[in-house]
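Just below is one structure, and these are the notes that go with it.
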Amino acid sequence: MSRIQSDVMRELLKVYFIAGSVNGKKDLVSIVEEAIDGGVTLFQYREKGNGALTGDAKYELAKRVQELCKRKNIPFIVNDDVDLALELDADGVHIGQEDEAAASVREKIGDKILGISVHTLEQAQKAAAQGADYFGVGPIFSTQSKADARDAQGTALIELFKNHKIETPIVAIGGITAENTPPIIKAGADGVSVISAISQADSVYEAAKKLKEAVFQTV
Ligand SMILES: C=C1C=NC(C(F)(F)F)=NC1=N
Ligand SMILES: [Mg+2]
């Protein structure tokens, strides 16, 4: 296996759904199935926040969601927990600046997908040098999903990266909805990632479908 091509990565990032057991109104497997049927292109298992699962319960749920993603041909990414990603043979991991160093994660995961949250041009340049396959950039708008989120930054950082000819695929995150997606894509993001806009929707299927339309209708 070799590292993912950036044009393939850009396609996967179009509608990137992120969720764990605490984010939805019903069981995670049903939510993820509906989201994928609605048009989600990539899934990240992020088990975080009050009441988040740990240990065997976390492993069992992750395995069930991974099996669903396999059936639906959607890559399965694990947030933060590199050991869990390796145990499951997940398709990749996503890490933040305060998680394990990117170089050592790349060492452990081989050619799997490595996503890194970046908040400055310097962090982006460093992350690219350490083998990031994509950047998570945000929060674009204020978010309810991350207790320790930084201040909302709008699309400024996406535009800065594009002006500096950063080649690494970029997915925006933070308070994103179908309504506020067009300017994010226009600013140069390859896709949008969401938690609540899909996981908290009355119709998960419709929310995913609307988000996909918002991304693909923005030229
Ligand atoms: C904190 C995060 C920031 N960005 C992303 C992603 F959208 F995948 F890039 N995932 C996270 N868990
Ligand atoms: Mg993290």
Side-chain angles (χ1 to χ4, degrees), residues 4 6 9-23 28 32 35 40-49 52 54 58 62 65 69 74-85 90-102 104-106 108-109 112-120 123-124 127-128 130-155 157-158 161 166 168-177 180-181 184-185 187-199 208 211-212 215:
I4 191 165
S6 50
M9 192 72 243
R10 290 185 209 286
E11 288 313 300
L12 292 180
L13 291 173
K14 293 283 177 216
V15 185
Y16 190 176
F17 180 39
I18 301 174
S21 67
V22 305
N23 298 112
L28 185 61
V32 178
V40 152
T41 49
L42 184 62
F43 178 73
Q44 178 188 130
Y45 178 60
R46 176 178 178 271
E47 191 60 31
K48 228 169 177 175
T54 57
K58 177 178 175 183
V65 178
C69 288
I74 295 291
F76 177 81
I77 306 293
V78 174
N79 182 52
D80 283 357
D81 193 338
V82 177
D83 292 337
L84 177 62
D91 296 295
V93 295
H94 186 91
I95 55 171
Q97 292 295 320
E98 65 290 337
D99 293 311
E100 184 177 349
S104 96
V105 173
R106 175 50 82 196
K108 286 180 182 175
I109 67 172
K112 290 179 184 300
I113 294 170
L114 174 58
I116 303 179
S117 302
V118 294
H119 308 283
T120 64
Q123 284 178 0
Q130 293 184 312
D133 293 305
Y134 72 83
F135 295 146
V137 179
I140 308 298
F141 306 108
S142 60
T143 171
Q144 314 88 344
S145 303
K146 186 174 171 59
D148 56 345
R150 298 169 188 230
D151 294 343
Q153 58 191 198
T155 57
L157 199 55
I158 296 172
F161 286 2
I166 295 272
T168 306
I170 293 169
V171 65
I173 188 165
I176 298 175
T177 63
N180 65 30
T181 284
I184 295 170
I185 302 299
D190 293 292
V192 292
S193 61
V194 302
I195 300 179
S196 313
I198 291 180
S199 68
L211 206 60
K212 182 159 199 173
V215 171

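Positions are given from 1 along the sequence. For ligands, and for the atoms within them, numbers begin at 1 and follow the listed sequence.
- Of all atoms in ligand 1, numbered sequentially from 1 with element shown, those under 4.0 Å from a heavy atom of Tyr134 are 8 (F), 9 (F).
- At a 4.0 Å heavy-atom cut-off, ligand 1 touches Ile18 through the side chain alone.
- Legend: residues meeting side-chain hydrogen bond (donor to acceptor under 3.5 Å, both in side chains) with Asp133, ordered by chain and number and at least two apart, are Arg3, Arg106.
- Remark: the Glu11 side chain and the Thr41 side chain contain no N/O donor-acceptor pair separated by less than 3.5 Å.
- With values rounded to the nearest 0.5 angstrom, Thr177 atom OG1 is found 11.0 Å from Ile198 atom CD1.
- Atom OG of residue Ser104 and atom CD of residue Gln130 lie 9.0 Å apart, to the nearest 0.5 angstrom.
- Nearest approach of Ala102 to Ile116, heavy atoms of both residues: CB-CD1, 3.5 Å.
- Regarding atom 2 (C) of ligand 1, its nearest protein heavy-atom neighbour is Ser117 OG, 3.6 Å.
- No donor-acceptor pair closer than 3.5 Å links the side chain of Asn79 to the backbone N or O of Tyr45.
- Going from atom CZ of Phe17 over to atom CG of Leu42 covers 12.0 Å, rounded to the nearest 0.5 Å.
- When hydrogens are left out, the protein atom nearest atom 6 (C) of ligand 1 is His94 CE1, 3.5 Å; that is the closest non-hydrogen contact.
- The shortest heavy-atom distance from Gly96 to ligand 1 is not under 4.0 Å.
- Where the criterion is an N or O separation shorter than 3.5 Å, residue side chain and backbone included, Gln44 meets it with respect to ligand 1.
- When only interatomic distances are considered, the shortest N/O to N/O separation between Ser193 and ligand 1 does not fall below 3.5 Å.
- Here CD1 of Ile184 is found 12.5 Å from CG of Asp190. Values are rounded to the nearest 0.5 Å.
- Each of the following atoms of ligand 1 lies closer than 4.0 Å to a heavy atom of Asn79: 12 (N).
- The count of protein N, O or S atoms under 2.8 Å from the Mg ion (ligand 2) stands at 2, with waters excluded from the count.
- Against a heavy-atom cut-off of under 4.0 Å, Gly136 is close to the following atoms of ligand 1: 4 (N), 9 (F).
- Distance alone, capped at 3.5 Å, places no donor-acceptor pair between the Asn23 side chain and the Ser199 backbone.
- Comment: Lys48 engages Asp80 in a salt bridge, judged by a side-chain N to carboxylate O separation of less than 4.0 angstrom.
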